[in-house]
Amino acid sequence: MRIASIPLLFVLSAACAPALCGKEEPPVAQLEPPAETQSHSTTLEDVHLLENGLLQLGQSLREFVQKTKAQINDILQKLNIFNHTYHQLSVLNSEIKQEEEELKKTTTALKITSEEINNLSVEISFKVDSIVLEKGRLQNKVEGLEKKMSSLSQGLMTKEQVAEIDGLRDVINSQEQSILELLKAVSEQSDQINHQRTKIKILEEKLKATALAQETMDRMHEFSSIEAPTLTPYLTSGSTSTAAMMSLPSDCSELFNRGERVSGVYTIRPNGSEPFMAFCDMSTTYGATVIQRRRDGSVNFDQTWEKYENGFGDFQGEYWLGLRKIYSLATQGNSVLHIQLEFWKQGRCFVKYRFYLNGAGSNYTIHLTHLSGNLPDPMSNHTGMKFSTKDRDNDNLQDSNCAHDYRGGWWFNACGDINLNGRYFYMRRKGRSERRRAIWWKLSRKVSYSLRLTQISVHPVAALSTTSSTSASSETDFLLSSTNIPQ
């Protein structure tokens, strides 16, 4: 502004100079601005342009700095996530290495035991051979005595000869009994050797499987952000004739009653809804519609509400059928929720509930009543709860999202005691916080375990009543005869 005022002062002084000197200038019709005034005007415009340019440059620099700060914060966040993930992988890797060292020590001990058994077997074989030779010599003596007896058959045998023959017979019988016992011992030792060899082979395979699991887990962590594939959606009525639509079964138990016995993917139409595909477990004695399966970590269950509502995964592997489809199964009434679990180092167990599911308007609230099973019943604490996902928090825990923290959608009650849709780990987790981020089931107040296999299915109560006398181990191939609860 000081620069702009300098030309103005020059103009004013030029205009006032005649008046101060007392001289009058003749009037001029058109007065041309002097060249010096034009030069100052041009300089003023340039200064304004320069000022505007500097202001715009300053604004651009401010915006650029703010944008750069946001990008730096984003990069720092990603670095923190990466450091956390790297720490988890490091802990898991150390656990795997410890397991591997233990397996190597066990394998070495078993190999030493196998060598000792082999040496013992060689000694027994040598003794058996010597006994067989002794038996041959005794048989030769018996044959000689028989010849003597035949030569003396015409005369009477003395008491000494009869006693000698009886003594030889007793010795032969005793030797035969010893041979039989040794042969039995050799057979038992051979069985032990085969058993030890089988254990060694299993341990070697376990070592290989552990290494493979580590590689697979690394790949799973690399691709854990990939969206799970969506299951086959509802089939449109236009693609199926009316007669065919009317003949579709309401669920897998109806297919079982029609005589179907092969487990696989079938089209069902519960309660007159739009038909859809579902996996039917026909290994049971009633036929069950499987709504969830976990077994190898091939599908990421940390999904959005839309995915959990419509279903995701692969019918031949891991999948979630979808809340809309589960709701249509539950609306048929008298439904049983059948949960089957396998722990990492113990047996397999099951539990059954009478259940009902509300619709989408109430966020698929679940209602459960315990029926039977060989597991504790923490699910009863989840009855009346709405379904929660990482992008729709419906649990009873304020200032926290259980589905986000435990990496999977579920009917959480302040996070609760169960999460069958958590992250899949390839071995039993040791830390409590790690177990709760895995697929887990709480067995008591202080004990909870991560799981290796899970399957959740639905079937009518009528099917349950017709098979109430059947043992739990024969319900499905999923369950083994072992029903031990982990200790």
Side-chain angles (χ1 to χ4, degrees), residues 81 220-239 251 265 267-279 289-331 335 337 355-367 382 384-397 400-413 415-416 418-424 437-439 454-458:
I81 294 171
M220 290 297 296
H221 279 294
E222 290 176 5
F223 298 102
S224 60
S225 60
I226 298 176
E227 287 290 326
T230 302
L231 284 181
T232 305
Y234 287 90
L235 304 177
T236 59
S237 57
S239 61
D251 56 17
V265 181
T267 302
I268 60 174
R269 187 171 179 247
N271 203 30
S273 67
E274 290 293 326
F276 57 86
M277 309 293 286
F279 187 91
T289 308
V290 181
I291 65 174
Q292 185 256 34
R293 187 195 295 130
R294 307 293 302 278
R295 66 184 186 185
D296 56 14
S298 58
V299 174
N300 179 18
F301 272 63
D302 188 14
Q303 300 296 330
T304 62
W305 178 269
E306 181 182 2
K307 285 281 189 178
Y308 269 99
E309 193 169 36
N310 296 321
F312 57 87
D314 180 8
F315 281 126
Q316 304 305 322
E318 295 189 335
Y319 71 92
W320 172 262
L321 184 62
L323 291 166
R324 292 173 59 197
K325 299 170 186 176
I326 299 171
Y327 169 69
S328 64
L329 287 167
T331 54
S335 296
L337 193 71
F355 101 108
Y356 183 77
L357 198 66
N358 294 123
S362 61
N363 294 311
Y364 301 101
T365 301
I366 194 170
H367 304 277
H382 294 249
M385 294 308 304
K386 301 174 182 179
F387 199 84
S388 292
T389 59
K390 61 183 180 182
D391 59 336
R392 186 174 294 192
D393 183 10
N394 294 316
D395 57 54
N396 281 345
L397 190 63
S400 182
N401 185 340
C402 299
H404 178 271
D405 295 340
Y406 297 147
R407 310 295 177 84
W410 193 251
W411 292 277
F412 289 107
N413 180 3
C415 297
I418 299 170
N419 181 15
L420 301 186
N421 288 336
R423 290 176 61 185
Y424 189 93
R437 287 185 175 87
I439 312 170
T454 71
Q455 178 173 299
I456 308 175
S457 57
V458 176

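- Ring geometry for F301 versus F312: interplanar angle over 60°, hence perpendicular rather than tilted (30 to 60°).
- Using a distance-only test at 3.5 Å, with no hydrogens or angles considered, a donor-acceptor pair links the side chain of D395 to the main chain of C402.
- The nearest pair of heavy atoms linking W305 to D391 is N-OD1, 2.9 Å.
- Side-chain atoms of W320 come within 3.5 Å of backbone atoms of Y308 as a donor-acceptor pair (strictly under, hydrogens ignored).
- Among all heavy-atom pairs drawn from G409 and F387, the shortest one is C-CZ, 3.5 Å.
- The two residues Y406 and N419 come nearest to each other via the heavy atoms O-ND2, 3.2 Å.
- One N or O on the side chain of Q292 and one on the backbone of L420 form a donor-acceptor pair closer than 3.5 Å.
- Between G408 and F412, the closest heavy-atom pair is O-CE1, 3.3 Å.
- No donor-acceptor distance shorter than 3.5 angstrom exists from the side chain of N394 to the backbone of S388, with no hydrogens or angles considered.
- Counting only distance, with no hydrogens or angles, the side chain of E318 and the backbone of G313 share no donor-acceptor pair below 3.5 Å.
- Taking the side chain as every heavy atom from C-beta outward, Y356 and T331 approach each other to under 4.5 Å.
- Distance alone, capped at 3.5 Å, places no donor-acceptor pair between the N271 side chain and the S328 backbone.
- For the pair I291 and I456, the minimum side-chain heavy-atom distance is below 4.5 Å.
- Residues Q316 and V265 are in side-chain contact: their nearest non-hydrogen atoms beyond the backbone lie under 4.5 Å apart.
- Taking the side chain as every heavy atom from C-beta outward, L231 and M277 never approach each other to under 4.5 Å.
- Residues F276 and P270 are in side-chain contact: their nearest non-hydrogen atoms beyond the backbone lie under 4.5 Å apart.
- A distance-only check finds no donor-acceptor pair linking the side chain of N396 to the backbone of N413 [under 3.5 Å].
- Here the shortest heavy-atom pairing between Y424 and R295 reads OH-O, 2.9 Å.
- Counting only N and O atoms by type, the side chains of T230 and K307 include a donor and acceptor under 3.5 Å apart.
- A distance-only check finds no donor-acceptor pair linking the side chain of S400 to the backbone of L397 [under 3.5 Å].
- Note that the CH2 atom of W411 and the NZ atom of K386 stand 15.0 Å from one another [nearest 0.5 Å].
- In the model, S298 has no side-chain atom that pairs as donor or acceptor with a side-chain atom of D314 under 3.5 Å.
- Here the shortest heavy-atom pairing between V299 and R294 reads O-NH2, 4.3 Å.
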